[in-house]
Amino acid sequence: MEDCIFCKIANGELESEKIYETENVIAFLDINPKAPGHSLVIPKKHGKTLTELEDELIAEVFRVTKEVEKLLNRSIKPDAFTVGINEGEASGQEIPHLHVNIIPRFEDDGGVPIQAVVNNSPKEEISNIASKIRKASEK
Ligand code: AMP
Ligand code: ZN
């Protein structure tokens, strides 16, 4: 997609600190890292969210995510990882090209678990919410 920074990284028009690549996926370091080794894994093909991409491509994105974790374990040696995707503007997605964040975590790094990014507890019983969601699969 024209004017997409991550499409430009994928096709080599824009430089990046590339760390791993497969036929359809590329991994590179985040330009504004939240931790040493903060990496992004993207499909080369443009798509904003998981639901816009083919299953096999998503599988490749997560296979690469696993490989990058192994590389980071051998090089940066973190204590843990936070792995996550911002999907849609309301979640904080600024670049509308799917990217999996791999953030190396360290004991006492001052970070929080991924569940702490939002505090919007439902007013409804979770059993009601679950039945609504289950009904969606009947359609
Ligand atoms: P998001 O808010 O989920 O869209 O996050 C976009 C991420 O991409 C941020 O963490 C940015 O630091 C990162 N980013 C933006 N431009 C570049 C770039 N040219 N190379 C590497 N990472 C980038
Ligand atoms: Zn793109």
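Counting starts at 1 for both ligands and their atoms, following the listed order. If you read the sequence from its start, that first residue is 1, and numbering goes on from there. Because only heavy atoms are used, hydrogens play no part in the values below, and waters and symmetry mates are left out as well, while side chains stay in.
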I'd like a table of the close N/O pairs between ligand 1 and the protein (anything under 3.5 Å), one pair per line with both atom names and the distance.
{"unit_1": "ligand 1", "atom_1": "2 (O)", "unit_2": "Gly92", "atom_2": "O", "d": "2.7"}
{"unit_1": "ligand 1", "atom_1": "2 (O)", "unit_2": "Glu94", "atom_2": "N", "d": "3.2"}
{"unit_1": "ligand 1", "atom_1": "3 (O)", "unit_2": "Asn86", "atom_2": "ND2", "d": "3.0"}
{"unit_1": "ligand 1", "atom_1": "3 (O)", "unit_2": "His99", "atom_2": "NE2", "d": "2.7"}
{"unit_1": "ligand 1", "atom_1": "4 (O)", "unit_2": "Glu94", "atom_2": "N", "d": "2.7"}
{"unit_1": "ligand 1", "atom_1": "4 (O)", "unit_2": "Ile95", "atom_2": "N", "d": "2.8"}
{"unit_1": "ligand 1", "atom_1": "4 (O)", "unit_2": "His99", "atom_2": "NE2", "d": "3.2"}
{"unit_1": "ligand 1", "atom_1": "5 (O)", "unit_2": "His99", "atom_2": "NE2", "d": "3.2"}
{"unit_1": "ligand 1", "atom_1": "10 (O)", "unit_2": "Asp30", "atom_2": "OD1", "d": "3.3"}
{"unit_1": "ligand 1", "atom_1": "10 (O)", "unit_2": "Asp30", "atom_2": "OD2", "d": "2.5"}
{"unit_1": "ligand 1", "atom_1": "12 (O)", "unit_2": "Asp30", "atom_2": "OD1", "d": "2.5"}
{"unit_1": "ligand 1", "atom_1": "22 (N)", "unit_2": "Ile31", "atom_2": "N", "d": "3.1"}

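Counting heavy atoms from C-beta on, the side chains of Leu50 and Glu87 come closer than 4.5 Å. By the 4.5 Å heavy-atom criterion applied to side chains, Phe6 and Leu40 are counted as neighbours. Contact annotation: the side chain of Gln93 never approaches that of Glu89 to less than 4.5 Å [non-hydrogen atoms, C-beta and beyond].
With Phe81 as the partner, the side-chain contact (heavy atoms from CB on, under 4.5 Å) test is satisfied by one option alone out of Ile103, Asn101, Ile102: Ile102.
The tally of protein N/O/S atoms under 2.8 Å from the Zn ion (ligand 2) stands at 4.
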Can I get a per-line list of side-chain donor-acceptor pairs under 3.5 Å for residues 24-32, giving both atom names and the distance, sequence neighbours left out?
{"unit_1": "Asn24", "atom_1": "ND2", "unit_2": "Glu60", "atom_2": "OE1", "d": "3.0"}
{"unit_1": "Asp30", "atom_1": "OD1", "unit_2": "Asn32", "atom_2": "N", "d": "2.7"}

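Under the 4.5 Å side-chain contact rule for hydrophobic residues, Tyr20 and Leu98 share a cluster.
A donor-acceptor distance shorter than 3.5 angstrom exists from the side chain of Arg105 to the backbone of Val112, with no hydrogens or angles considered.
Across all non-hydrogen atoms, the minimal contact from Leu72 to Ser39 is CD1-OG, 3.9 Å.
Qualifying ring pair (Phe, Tyr, Trp, His ring centres under 6.0 Å) partners for His97, counting only residues two or more places apart in sequence or in other chains: His46.
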